[in-house]
Amino acid sequence: VPTAAPPVQRCQPRPQTVMATITNTSTKEIDAIMATARKTFSSGVTRELAWRRNQLKALIRMLDEGAPELRTALNKDLGVNAFFTDCIELHMSSHEAKLALQHLDEWTAPRSVSTPLLNLPASSSIVAEPHGVVLIITPWNYPVSLMLAPLAAAIAAGNVVVIKPSELSVATSLELERLCKKYLDPSAIFFVQGDKDPTTALLKHKFDFIMYTGNGRVARIIYAAAAVHLTPVLLELGGKSPAIIDSSADLPTVVKRIVWGKYSMNMGQTCITPDYILTTPDMESRVIAELVTTIKAFFPSPDTNKDVSRMISVAHAQRVAAMLDDPEVTVEHGGQHDTANRYIAPTVVRATPKAKCMQSEIFGPILPVLTVPTIQAAIDFINQNDKPLAMYIFSSNKANQDQIISQTSAGGVTINDTIMHAANPCLPFGGVGESGIGSYHGKFGFDAFSHLKPVLKKFGTDPSLRFPPYTDNKITWLKRLNNIDLPNVPFQTLLTVLLAIACVILAILLIVD
């Protein structure tokens, strides 16, 4: 059983900039925004591909030309470094917009699908149409990319967008509003600023789609409000994402990737950060020693190190720091904090399942290490809790990898790394169960912000089999035809193949004659 944690040292990190304040958007302003949004969508302007292209190009230009201001704002809010601002926030946002622009014609084109035999002659397709007026409620931890990546998808899909940024990332929320109003169509992209009161007022209006990124408590409020209007939702939440390390793992490589995913990525303030480590008792001391060595190498003098970001608020820092005041944990490294300046050092603890830090998502730079006797015990431990947004498996043993993947559920999985599944736009990003509903990124984002409308186009004449009276002979033939499986190809392709076959047969007959 772990002994009580020693008293943590408090330190004096670099001073933080005084925050600006956000003024709540009034109910009257919200009503006017919604009226204009509906009018814009009804005009059909956002359905036009030219409009979508122009807005995506403007978004890309905004990220390029507005980068200095966004860097400053992000540093004020989170104390983050150039890697976080340029390689994560700005790059991911720009990449999503560029990807949508590159594939806009392809994504918006009707998607031909096969048609069952009894529906012939006909063609079938899926047509992506915009939902309409959509609401995007964004978080504070990645205030640029978690706003602009969904915005790019919503624009590409042809929607009018109302954005509610976080009131905690004040500087970034205000700067993004200023930039969007400067670069994007102000009659189709709107901002509502403030705390829960404007959000509550917004949710009384009928939207055609709502995307929310944040925590489960607020998600339930949003889901309930959406249900009143039967509005579809995309909820990107979080949870306690485990990292499992078995004895076959390449420990130095593994730990570098865990430390990077936990601390370099906003000091644990990431929805898919490794929340805790599960390993076997024989590996525990080795894992902790490697963690400590790597953290010291990555973050020397952490209280003044520019690569150590800050907690978003004093209250958040206090909540995370309180997890260290617990007899169920032993601090193995770090633990220093100055909550008044929103600073907590990168920290590693031994913990039990009863520890405070194991009762909810940590969302900060504390990494608990827990032991389990076997891989099956790790699986059982994970399955006793809510389904996480991410899971990380560190193993060179394929049998162990397959066992964990097949016997657990998570929003996404990365094997022998952290975070990286979310960086691939060809993979859907989203949760399951308590960690979320729906997914986005790349084409998945376009599809999420679209209604995929099925269209069947009939032509020619119908066989008499279709219509009454239904004799025994007709029923027999209908059953036979139902059992014939056509190739899963569009009707036009099938017709071309059949015509080609007919031509070959005709040619053979002519030669024989």
Side-chain angles (χ1 to χ4, degrees), residues 46 49-78 80-108 134 136 138-159 161 163 165-166 169 171-186 188-189 191 211 213 236 264-266 270-272 309 419-429 439-449:
T46 64
L49 293 188
W51 181 89
R52 305 186 203 189
R53 287 193 190 93
N54 289 336
Q55 293 305 298
L56 289 169
K57 289 177 181 177
L59 181 55
I60 294 165
R61 190 170 65 255
M62 180 188 91
L63 283 162
D64 182 39
E65 296 174 0
E69 291 84 357
L70 288 171
R71 290 187 191 102
T72 300
L74 283 165
N75 190 261
K76 287 180 180 178
D77 287 328
L78 291 162
V80 290
N81 61 8
F83 166 76
F84 184 86
T85 56
D86 288 26
C87 301
I88 306 298
E89 286 282 72
L90 300 181
H91 170 75
M92 288 184 66
S93 304
S94 182
H95 183 69
E96 285 286 325
K98 290 175 181 176
L99 192 69
L101 182 62
Q102 179 184 353
H103 293 282
L104 190 63
D105 288 337
E106 172 194 342
W107 294 352
T108 55
V134 304
I136 300 175
T138 67
W140 51 261
N141 58 327
Y142 288 74
V144 176
S145 60
L146 294 185
M147 177 193 296
L148 299 186
L151 176 61
I155 289 172
N159 296 283
V161 186
I163 300 170
S166 173
S169 51
T172 310
S173 294
L174 292 174
E175 186 58 35
L176 282 168
E177 180 180 15
R178 186 189 72 81
L179 289 170
C180 285
K181 286 181 175 179
K182 177 180 177 182
Y183 286 87
L184 303 180
D185 184 349
I189 313 295
F191 275 74
M211 177 178 176
T213 302
E236 196 276 280
S264 294
M265 301 297 288
N266 205 12
T270 302
C271 58
I272 54 171
S309 58
I419 311 294
M420 299 309 293
H421 66 284
N424 183 353
C426 296
L427 293 174
F429 178 73
S439 59
Y440 72 116
H441 282 188
K443 186 173 181 291
F444 300 100
F446 175 87
D447 287 351
F449 281 94

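We use all heavy atoms of the structure for the numbers below, so side chains are in, but hydrogens, waters and symmetry mates are not.
Sequence neighbours left out, the pairs with a member in residues 99-108 that pass salt bridge (Lys or Arg N to Asp or Glu O under 4.0 Å) are Arg53-Asp105.
Legend: residues meeting side chain to side chain contact (heavy atoms under 4.5 Å, CB included) with Lys181, ordered by chain and number and at least two apart, are Glu177. Under the rule for a side-chain hydrogen bond (donor to acceptor under 3.5 Å, both in side chains), the partners of Arg71 that lie at least two apart in sequence or sit in another chain are Asp86. Contacts of Tyr440 classified as side-chain hydrogen bond (donor to acceptor under 3.5 Å, both in side chains), with partners at least two apart in sequence or in another chain: none. Annotation: side chain to side chain contact (heavy atoms under 4.5 Å, CB included) contacts of Thr46 (sequence neighbours excluded): Thr40, Phe41, Trp51, Val160, Ala188. Taking Asp185 as the reference, nothing meets the salt bridge (Lys or Arg N to Asp or Glu O under 4.0 Å) condition, with sequence neighbours excluded. Every side chain to side chain contact (heavy atoms under 4.5 Å, CB included) that Ala156 has, sequence neighbours left out, goes to Leu56, Ala100, Leu104, Phe446. Under the side-chain hydrogen bond (donor to acceptor under 3.5 Å, both in side chains) criterion, Thr172 pairs with Asp77, not counting sequence neighbours. Under the side chain to side chain contact (heavy atoms under 4.5 Å, CB included) criterion, Met265 pairs with Phe83, Ile88, Tyr142, Trp260, Thr270, Ile419, not counting sequence neighbours. Here Glu69 pairs with nothing under the side-chain hydrogen bond (donor to acceptor under 3.5 Å, both in side chains) rule; sequence neighbours left out. Shown here are the ring-ring contact (aromatic ring centres under 6.0 Å, His included) partners of His421, two or more places apart in sequence or in another chain: there are none. For Glu89, the salt bridge (Lys or Arg N to Asp or Glu O under 4.0 Å) test picks out no residue, with sequence neighbours left out.
Here the side chain of Thr85 pairs a donor or acceptor atom with the backbone of Ala82 at under 3.5 angstrom.
With rounding to the nearest 0.5 angstrom, the OG atom of Ser145 is 9.0 Å from the CG atom of Leu90. Distance CZ/Arg61 to CG/Leu184: 9.0 Å, rounded to 0.5 Å.
Between Met211 and Val134 the shortest side-chain heavy-atom distance does not fall below 4.5 Å. The shortest distance between side-chain heavy atoms of Lys76 and Thr72 falls below 4.5 Å. Between Leu427 and Phe444 the shortest side-chain heavy-atom distance does not fall below 4.5 Å. The shortest side-chain heavy-atom distance between Trp107 and Leu99 falls under the 4.5 Å cut-off. In this structure the side chain of Leu176 never reaches within 4.5 angstrom of the side chain of Ile163, judged on heavy atoms. Side-chain contact between Ser309 and Phe84: absent, with no pair of heavy atoms (C-beta onward) separated by less than 4.5 Å. When side chains are defined from C-beta on, Leu70 counts as touching Glu175, because their heavy atoms get closer than 4.5 Å. Asn141 places a side-chain heavy atom less than 4.5 Å from the side chain of Leu146.
Here the closest heavy-atom approach between residue Ala448 and residue Ser439 is recorded as CB-O, 3.6 Å.
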* To do: Show your reasoning for whether side chain to side chain contact (heavy atoms under 4.5 Å, CB included) applies to Phe429 and Ile272.
  => CA-CA 10 Å; Phe429 178 73; Ile272 54 171; 3.8 Å; yes
